[in-house]
Amino acid sequence: ASCRTVYRKSCKRLGMIPQANVLQKLSDIPGKFAMTALSFSNFGLDSILPFVDLLRLNTDMKYIFLKSNRLGSSCLELLADVITTLPNVRSVDISDNRWCGARVSSALLRMVRRNENITTLRVHNTVPALLTTKVMPAVKMNQNRGVINMADYLAVKLVFDAANSDGNDVITRAELNEFAKKISAEELEEMLRVRSADASNPKVVAASANFKGSRLKELFTALEAGDDQTSNEGVTLPLLMTYLF
């Protein structure tokens, strides 16, 4: 069997007509299940069911791009559950599908938490922003996993959110400068210490907070002087993590 044959058989079993544009993109080489991307954006898809077997057979799958289709809640919930079993998936885009609610948001959260390799997730115009307040931080945690632990991540995110006055994903030089003027070194260290309170050694926690506080002050000084290469574009949370760790 080939990827094309598997898709045809799935459609037949489900009583669905195979889409010609999908068939054209699938390999017809028997026994070759080496797909790394399921890329069917703007294909008019209204079901994920014909692709479930394909996803499970192509274990090297890294990218799943299903933007601008007509996939609804039940399909996207199933997709998230299937992706949970695919450890190599890195990026998922389900933007611009049908509006979904809390069930899909919960499924996506499970997916991201269980598949720690997922570092990109796009859900614009599919899942309301209010329902992604837990999902997107989990994605960012995956981006920084292996570099920092959860306590450090939450501590630095607390500082990032405090400096990010307009609530977007980038802190501008002006925002950082304003934040640096308002906060003392002691207050900064205390913020960095808050989420690490469960650490086993209070002295280690204090030393870590002091170190990160010093590094942040160095960053503030560099930005104020205008000698930081990223200052024009601003600072994202992943970039701040990279700088500190």
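Just so you know, residue 1 is the first one in the sequence shown, and it goes up from there.
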Check: Is there a donor-acceptor pair closer than 3.5 Å between any side-chain N or O of R98 and the backbone N or O of R70?
Finding: yes
Check: Does M35 reach the side chain of S27, with side-chain heavy atoms less than 4.5 Å apart?
Finding: no
Checklist line | E175 versus S165, side-chain donor and acceptor atoms under 3.5 Å | finding: yes
Checklist line | Partner set under side chain to side chain contact (heavy atoms under 4.5 Å, CB included) for S95, not counting sequence neighbours | finding: K67, D93, R122, H124
Notebook entry, point to check: Below 4.5 Å, heavy atoms only, C-beta onward: do I64 and L55 meet side chain to side chain?
Noted result: yes
Check: If Ile, Leu, Val, Met, Phe, Trp and Tyr residues are connected whenever their side-chain heavy atoms lie under 4.5 Å apart, and connections chain through other members, are L158 and F179 in the same group?
Finding: yes
Item checked: salt bridge (charged side-chain N to carboxylate O under 4.0 Å, His left out) against D46, all qualifying residues, sequence neighbours excluded -> none
Note to self: Quick one, I118 with I83, criterion side chain to side chain contact (heavy atoms under 4.5 Å, CB included). Give me CA distance, side-chain angles, the key distance, then yes/no.
What the structure shows: CA-CA 10 Å; I118 296 175; I83 293 174; 3.9 Å; yes
Check: Does the Q143 side chain pair with the main chain of T119, one donor and one acceptor, at a distance under 3.5 Å?
Finding: yes
Check: So, the side chain of S73 versus the backbone of C100: is there a donor-acceptor pair under 3.5 Å, distance only?
Finding: no
Check: Could you give the distance from OG (S2) to CG (L54), rounded to the nearest 0.5 Å?
Finding: 9.0 Å
Would you give me the side-chain donor-acceptor pairs under 3.5 Å for residues 11-23, sequence neighbours excluded?
| unit_1 | atom_1 | unit_2 | atom_2 | d |
| --- | --- | --- | --- | --- |
| Q19 | NE2 | N21 | OD1 | 3.1 |
| Q19 | NE2 | F43 | O | 3.1 |

Notebook entry, point to check: Between T126 (side chain) and D96 (backbone), is there a donor-acceptor pair under 3.5 Å?
Noted result: yes
Notebook entry, point to check: Step by step, would you call F40 with L26 a side chain to side chain contact (heavy atoms under 4.5 Å, CB included)?
Noted result: CA-CA 11 Å; F40 295 119; L26 294 175; 4.0 Å; yes
Check: Just by distance, do the side chain of D28 and the backbone of R4 share a donor-acceptor pair under 3.5 Å?
Finding: no
Note to self: Would you compute the distance between atom OG1 of T85 and atom CG of N115 and round it to the nearest 0.5 angstrom?
What the structure shows: 9.0 Å
Check: Can you name the nearest heavy-atom pair linking V52 to V82, along with the distance?
Finding: CG1-CG2, 4.2 Å
Notebook entry, point to check: Any link between L45 and W99 through a network of hydrophobic side chains (Ile, Leu, Val, Met, Phe, Trp, Tyr) touching at under 4.5 Å?
Noted result: no
Next item on the list: Identify the two heavy atoms, one from S91 and one from F65, that lie closest to each other, and give their separation to 0.1 Å.
Entry: OG-CE2, 3.6 Å
Next item on the list: For residues V127 and S105, report the shortest heavy-atom separation together with the two atoms involved.
Entry: CG1-CB, 4.3 Å
Check: Could you give the distance from CG (N164) to OG1 (T172), rounded to the nearest 0.5 Å?
Finding: 8.5 Å
Margin query: On a heavy-atom basis, which atom in L109 and which in A138 lie closest, and how many Å separate them?
Written below: CD1-CB, 3.9 Å
Notebook entry, point to check: Do N97 and N69 meet the criterion of a side-chain donor-acceptor pair at a distance under 3.5 Å?
Noted result: no
Notebook entry, point to check: Between S10 and P50, what is the shortest heavy-atom contact and its length?
Noted result: CB-O, 3.6 Å
Item checked: Shortest non-hydrogen contact between M61 and L38, atoms and distance -> SD-N, 3.3 Å
Checklist line | Backbone of V135 reached by a side-chain donor or acceptor of T132 within 3.5 Å | finding: no
Next item on the list: Taking the side chain as every heavy atom from C-beta outward, state whether K25 and S39 have any atom pair closer than 4.5 Å.
Entry: yes
Item checked: Co-membership, hydrophobic cluster, residues L49 and L57, 4.5 Å side-chain -> yes
Margin query: Can a side-chain donor-acceptor contact be found between T36 and D60 if the only test is distance below 3.5 angstrom?
Written below: no
Margin query: For residues V123 and Y63: do they belong to one hydrophobic cluster (side chain heavy atoms under 4.5 Å, members Ile, Leu, Val, Met, Phe, Trp, Tyr)?
Written below: no
Item checked: F51/Y7 under ring pair (Phe, Tyr, Trp, His ring centres under 6.0 Å): CA gap, chis, key distance, verdict -> CA-CA 7 Å; F51 301 98; Y7 172 70; 5.4 Å; yes
Check: Yes or no on side chain to side chain contact (heavy atoms under 4.5 Å, CB included) for N117 and V89, after CA distance, side-chain angles and deciding distance?
Finding: CA-CA 6 Å; N117 287 319; V89 172; over 6 Å; no
Notebook entry, point to check: Do the side chain of R113 and the main chain of M111 share a donor and acceptor less than 3.5 angstrom apart?
Noted result: no
Checklist line | The single option from R56, R103, R110 passing salt bridge (charged side-chain N to carboxylate O under 4.0 Å, His left out) against D81 | finding: R110
Margin query: Using the rule side-chain contact (heavy atoms from CB on, under 4.5 Å), only one of V92, I48, L76 pairs with L66; which is it?
Written below: I48
Check: Between R114 and T84, is there a donor-acceptor pair closer than 3.5 Å when you use the side chain of the first and the backbone of the second?
Finding: no
